[in-house]
Amino acid sequence: STPSSSSSHWIRLLNRSKTPKTTKRTSIHIEHFIIMISSLTVRPAATRRAVASTRRGIFPPTTTTTTTVHHPHHRTFAAAIDVEHGRGQWKTYGNVETYKPGRFQIQTFNKISPVGLDRFSRDDYQVVNDEEEAGNAHAILLRSHKLQEAEIPHTTRAIARCGAGTNNINVARMTELGIPVFNTPGANANAVMELVICGLFLGSRRVVDGINHMKQLGEQGLARERVEKDKSMFGGREIKGKTLAVIGLGHIGSITAQTAHNLGMELKGYDPGLSVQSALRLPREITLADSIASAVTNADYVSINIPYIKGTVEEGGTHGIIGRDVLAHMKQDAVLLNFARGELVDSEALKDVLDQGAKYVSDFPDDVVWNHENAVLLPHLGASTAEAEDEAAAMAAETIRDYLEHGTIRNSVNFPTTELPERHERIIRITVVNKNIPGMLSKITECLGRAGLNIAQQLNQSRGDVAYNVIDLDPSAHDDDSKHVRLTDLQKEMTMLEGVLSTRILFGSPGIGYSRNIDGKYYA
């Protein structure tokens, strides 16, 4: 239920004010796709069927598929396209008995909604749960499992969390390894928003106190006698006409503001990185503040919807960002709603304002105010609805599919967003993950030039320390019809460039065409 406001914007703001089993050495060569290429169709599915028909555990020999087509000018073009798989020994290559040639393998941790898992075609994907070993996992799908590096095979191309927060994944380390980490911003936004609205009422009407009182009366047999007499003990206030300050206006914050507006509340908001999409979801009547302190001033309710970033405010983090300086600006009887992260609030400072009459409602534990009369603490229920789990799993699965099949990057927390156009079936797509250092793009294109390959289109994006390149090659425009398109040699040359972390060839049978430079050694 972590809000989806951009962490980088918050950082800039704050800077300013199963151990794997013994492996077997394997060598797989699914190498030569001899394809007659024209402006019509290349059919790698034939190769896929040939590979998939190989007996499990015995790796297939070279396979050849030939499709005869005619060029518009009555000329055919022949190119041998080499795609390699199996050179080198992966540290966790896994048990060959669990290897399914011709499929992507997805390792799951936690119970993932079937709605999401159904997005993976059985023809092209093998899904392995956390009770089984997926030594060849091409991607990992998880919820709250705290992922260890030992659980990530060298074959892993991507990791996706069914949820917004990624604190259970070492994102910085994954960036170093060239592995994109995806989340599902907005998938649980409605579920969290509904709980925030519930918190508004819990902080206004003393509902919990009333429920506990009626249970006590029921045990004494006095419920019917006292039900009217005791209601004055639990007086409250209505939220209509009151002011709600929303701190963080991402997916959750923006729809919280809209719902509160529909309930007749006045609105104030603050977000240093407000996106156009989120702004369009906001009511026009909202007043935007220039600081958190300004936003909470004179507010009757305050909803926290910002990301948790390790480190204090002075260190560029958000730990304890709702501290004494912010709480001092709140009204004495204000209600603080925290369905983002417990660590965002300074507990000692919070206790002081609760002692003075403020209230606190959250679905995170707090060791200081857990039994305070003005605190209502719930289990972490923010995204705990069937609908939210289905939506998050479906979004995560689609994100993984887009990346594995097309190289598209969407909703990544460490890689640049890279939206790609459709490509013709004959086009060979290569992706390169490299360190974001000068001169890398020219080195990559020089490799393609030496191979005599024509670039149909190219895209280069960067984010922080990592860069991502997508290169589409048109084999029919190969400058020497007598040559093979030796992607095996080209891929090794590109992968072993200093600064390159991994390369992928998105062509042919699912699961092949991935290579990495690990400590100066080449693995494919």
Side-chain angles (χ1 to χ4, degrees), residues 1-4 7 18-21 90-92 94-95 98 104-120 125-188 191-192 307-310 339-343 363-365 379-401 403-404 411-415:
S1 61
T2 300
S4 57
S7 297
K18 20 198 145 101
T19 303
K21 297 179 180 179
W90 299 106
K91 73 168 183 181
T92 52
N95 187 344
T98 69
F104 290 114
Q105 188 178 81
I106 308 298
Q107 171 77 71
T108 66
F109 292 97
N110 311 120
K111 184 179 179 181
I112 306 297
S113 166
V115 173
L117 298 182
D118 286 347
R119 301 298 177 97
F120 295 115
Y125 288 87
Q126 175 199 10
V127 179
V128 181
N129 63 41
D130 55 2
E131 296 179 357
E132 304 173 88
E133 181 183 355
N136 310 283
H138 302 115
I140 293 174
L141 199 62
L142 76 166
R143 291 173 60 197
S144 59
H145 175 77
K146 191 170 182 60
L147 192 63
Q148 305 298 320
E149 188 171 346
E151 297 172 311
I152 306 171
H154 280 330
T155 52
T156 301
R157 283 84 153 149
I159 299 169
R161 179 170 185 269
C162 304
T166 55
N167 295 340
N168 54 326
I169 304 168
N170 189 339
V171 176
R173 177 57 177 159
M174 294 307 100
T175 304
E176 292 175 358
L177 296 176
I179 300 174
V181 177
F182 300 96
N183 66 350
T184 57
N188 59 11
V192 178
Y308 176 69
I309 305 167
K310 289 184 178 180
F339 294 91
R341 278 290 181 268
E343 298 88 346
D363 65 342
F364 291 94
H380 186 42
L381 302 177
S384 295
T385 67
E387 294 87 349
E389 291 179 6
D390 290 347
E391 181 66 22
M395 184 183 293
E398 289 293 345
T399 299
I400 288 292
R401 284 193 57 190
Y403 182 70
L404 292 181
N411 298 327
S412 174
V413 299
N414 62 335
F415 269 54

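Everything numeric here is computed off the predicted structure, so don't read it as measured data.
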Q. Taking C-beta and beyond as the side chain, do Arg401 and Phe104 meet within less than 4.5 Å on heavy atoms?
A. no
Check your understanding: Just by distance, with hydrogens left out, do Thr155 and Asn136 show a side-chain donor and acceptor under 3.5 Å apart?
Key -> no
Given 3.5 Å as the limit, does a donor-acceptor pair link the side chain of Thr184 with the main chain of Ala396, or not?
no
Short side-chain to backbone donor-acceptor contact, Asn168 and Lys146, under 3.5 Å: no
The reported gap from CD1 in Ile169 to CD in Gln148 (rounded to nearest 0.5 angstrom) is 11.5 Å
**Asked** Could you go step by step and tell me if Leu404 and Ile106 meet the side-chain contact (heavy atoms from CB on, under 4.5 Å) rule?
**Response** CA-CA 11 Å; Leu404 292 181; Ile106 308 298; 4.0 Å; yes
> Between Arg173 and Glu176, is any pair of side-chain heavy atoms under 4.5 Å apart?
Replying inline: yes
Note: Ala397 and Arg119 closest approach over all heavy atoms is CB-CB, 3.8 Å
Taken to the nearest 0.5 Å, the spacing of Asn167 CG from Tyr308 OH works out to 8.0 Å
Is there a donor-acceptor contact under 3.5 Å from the side chain of Thr385 to the main chain of Ala388? yes
Between the CD1 atom in Ile140 and the CD atom in Gln105, the distance rounded to the nearest 0.5 Å is 10.5 Å
Looking only at heavy atoms, the pair that brings Gly163 and Asn183 closest together is O-CB, 3.2 Å
Value for OG1 (Thr399) from CG (Asn411), rounded to nearest 0.5 Å, stands at 5.0 Å
CG (Leu177) and OG1 (Thr175) are apart, to the nearest 0.5 Å, by 8.5 Å
d(Asp118 CG, Ile112 CD1) to nearest 0.5 Å is 13.0 Å
**OP:** Before giving the answer on side-chain contact (heavy atoms from CB on, under 4.5 Å), spell out for Asp363 and Val192 the whole-Å C-alpha distance, their side-chain angles and the decisive distance to 0.1 Å.
**Re:** CA-CA 10 Å; Asp363 65 342; Val192 178; over 6 Å; no
Got a donor-acceptor contact below 3.5 angstrom from the His380 side chain to the Phe364 backbone? no
Closest heavy-atom pair, Ala187 versus Met395, reported as atoms and distance to 0.1 Å, is CB-CE, 4.0 Å
Nearest heavy-atom contact between Ala164 and Asn188 is N-ND2, 4.4 Å
Parallel, tilted or perpendicular: which fits the ring planes of Phe109 and His145, with parallel below 30° and perpendicular above 60°? parallel
Quick check: does any side chain N or O of Ser412 sit under 3.5 Å from a backbone N or O of Phe182, one acting as donor and the other as acceptor? no
Minimal heavy-atom distance between Ala139 and Thr156, with the atoms involved, is CA-CG2, 4.4 Å
| How about Ile152 and Ile179: do any of their side-chain heavy atoms sit closer than 4.5 Å? | yes
* Between Gln107 and Val128, is there a donor-acceptor pair closer than 3.5 Å when you use the side chain of the first and the backbone of the second? -> yes
Between the side chains of Glu389 and Arg143, is the shortest nitrogen-to-carboxylate-oxygen separation below 4.0 Å, so that they form an ion pair? yes
